[in-house]
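In what follows, chains carry the letters A, B, and so on, assigned in the order in which the sequence lines appear, proteins first and then strands, with residues in each chain numbered from 1. Because only heavy atoms are used, hydrogens play no part in the values below, and waters and symmetry mates are left out as well, while side chains stay in.
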2 protein chains.
Amino acid sequence: MSLAQIEYFVAVAEEGTVHGAARRLHISQPPLTRHVRALEDELGAPLFERTPRGMRLLPAGEVFLAHARGVLAAIDDAAAAVRRQSAAVS
Amino acid sequence: MSLAQIEYFVAVAEEGTVHGAARRLHISQPPLTRHVRALEDELGAPLFERTPRGMRLLPAGEVFLAHARGVLAAIDDAAAAVRRQSAAVS
DNA sequence: CCCGCCAATACCCATTCGGTATCGGCCACT
DNA sequence: AGTGGCCGATACCGAATGGGTATTGGCGGG
């Protein structure tokens, strides 16, 4: 599991389609599809239901989404804390 | 910043040397050195003091270490929560 | 004074990641 | 009922990233 995969998952969950998320992430649709599948494979459970209209979150996906947002926020916090600390010294 | 870089940083901080951390991570020393430097570059601040005896955490490194452990724990939680949810359905 | 341990650098190869082109399926609209 | 359009999935290829081996430079201890 990589950080990029987590960001990609959140984008797909929020946009509702792989196409829309790809546009937002400035990558193309096929690699994004692959990352979502790789994440599901690694977690051992599907996160989305594929419909002709797009991707709908399954219960497992809802659960992961909440955690994923927490992880991304924690990373931002970590970077901000380091920059704050190093600024305080100088 | 990648998840691997965070794990690598934690290993170096705990082992005290790049060599020791590399052994624990089952990779070799040079790529590990590069990842640590890349992480410092991205954060805009050094995290370790290089000594002839190894790597000593700087204050900014101590701050980041605490956050880094939280991020890794949050990811484990996320994976465990998904597996729990998907198990509950089946 | 020199030997040993450490991180840093140079260079190369394997793997991963992203892009273009294309396919298959389902719904909407005629 | 037929067809056009939008969706995700797959095949294939080139670029970028990541890890490995070999080597260097620097400091401290015997």
Side-chain angles (χ1 to χ4, degrees), chain A residues 1-62 64-65 68 71-72 75 79 82 86, chain B residues 1-62 64-65 68 71-72 75 79:
Chain A
M1 177 166 11
S2 78
L3 239 122
Q5 281 176 342
I6 297 179
E7 293 168 3
Y8 291 176
F9 163 79
V10 172
V12 172
E14 289 179 354
E15 294 287 332
T17 71
V18 175
H19 276 95
R23 215 174 322 125
R24 168 170 143 190
L25 295 166
H26 303 110
I27 67 174
S28 58
Q29 172 256 320
L32 187 47
T33 291
R34 286 194 298 258
H35 276 296
V36 170
R37 289 194 70 87
L39 182 60
E40 291 177 322
D41 286 352
E42 184 173 349
L43 291 173
L47 301 174
F48 292 103
E49 177 193 354
R50 273 74 170 171
T51 81
R53 320 286 295 159
M55 310 278 276
R56 186 195 325 270
L57 274 177
L58 293 173
E62 302 269 11
F64 190 70
L65 178 57
V71 168
L72 296 181
I75 286 178
V82 167
S86 105
Chain B
M1 177 166 12
S2 77
L3 248 150
Q5 281 176 340
I6 297 179
E7 293 168 3
Y8 291 176
F9 163 79
V10 171
V12 171
E14 289 179 356
E15 294 288 331
T17 71
V18 176
H19 275 95
R23 215 174 324 121
R24 169 170 143 190
L25 294 167
H26 304 109
I27 67 172
S28 58
Q29 172 255 321
L32 187 47
T33 292
R34 287 194 298 257
H35 275 295
V36 170
R37 289 193 70 87
L39 182 59
E40 292 177 322
D41 286 352
E42 184 173 347
L43 291 173
L47 301 174
F48 292 104
E49 177 192 355
R50 272 75 170 170
T51 80
R53 319 286 294 159
M55 310 279 274
R56 187 195 325 269
L57 274 177
L58 293 173
E62 302 270 10
F64 190 71
L65 179 57
V71 168
L72 297 180
I75 286 178

Next item on the list: Give a yes or no on whether A/R50 atom CZ has more than 12 heavy-atom contacts from other residues, nucleotides or ligands under 6.0 Å away.
Entry: yes

Across the strands shown, which category fits [X] at heavy-atom distances under 4.0 angstrom: base, sugar-phosphate, nothing?
X	answer
B/R34	base
A/F48	nothing
A/T17	sugar-phosphate

Notebook entry, point to check: Does A/Y8 put a side-chain nitrogen or oxygen below 4.0 Å from OP1 or OP2 of C/dC17?
Noted result: no

Margin query: It should be established whether B/S28 places a side-chain nitrogen or oxygen under 4.0 Å from OP1 or OP2 of nucleotide D/dG19.
Written below: no

Item checked: Smallest separation among heavy atoms of A/A60 and A/P46, with atom names -> CB-O, 3.9 Å

Notebook entry, point to check: So, for A/E40 and A/F48, which heavy atoms are closest and what is the spacing to 0.1 Å?
Noted result: OE2-N, 3.3 Å

Grab the [atom1]-[atom2] distance between [X] and [N] for me, whole Å please.
X	N	atom1	atom2	value
A/R50	D/dC7	CZ	P	15 Å
A/E49	C/dG25	CD	P	18 Å
A/E15	D/dC6	CD	C1'	16 Å
B/R53	C/dA8	CZ	C1'	18 Å
B/L32	C/dC6	CG	P	14 Å
A/H35	D/dA9	NE2	C1'	15 Å
B/M55	C/dC5	CE	C1'	15 Å
A/R23	D/dC6	CZ	C1'	12 Å

Next item on the list: Using a 4.5 Å cut-off on heavy atoms from C-beta on, say whether the side chain of B/R24 contacts that of B/E14.
Entry: yes

Next item on the list: Return the 5'-most residue of the pair B/G20, A/P31 with respect to DNA chain C, ranking by each residue's nearest nucleotide.
Entry: B/G20

Check: To the nearest 0.5 Å, what is the distance between OH (B/Y8) and OG (B/S2)?
Finding: 7.5 Å

Note to self: Using the side-chain heavy atoms of A/H19, tell me which of these nucleotides is nearest: C/dA7, D/dC7, D/dA9.
What the structure shows: D/dC7

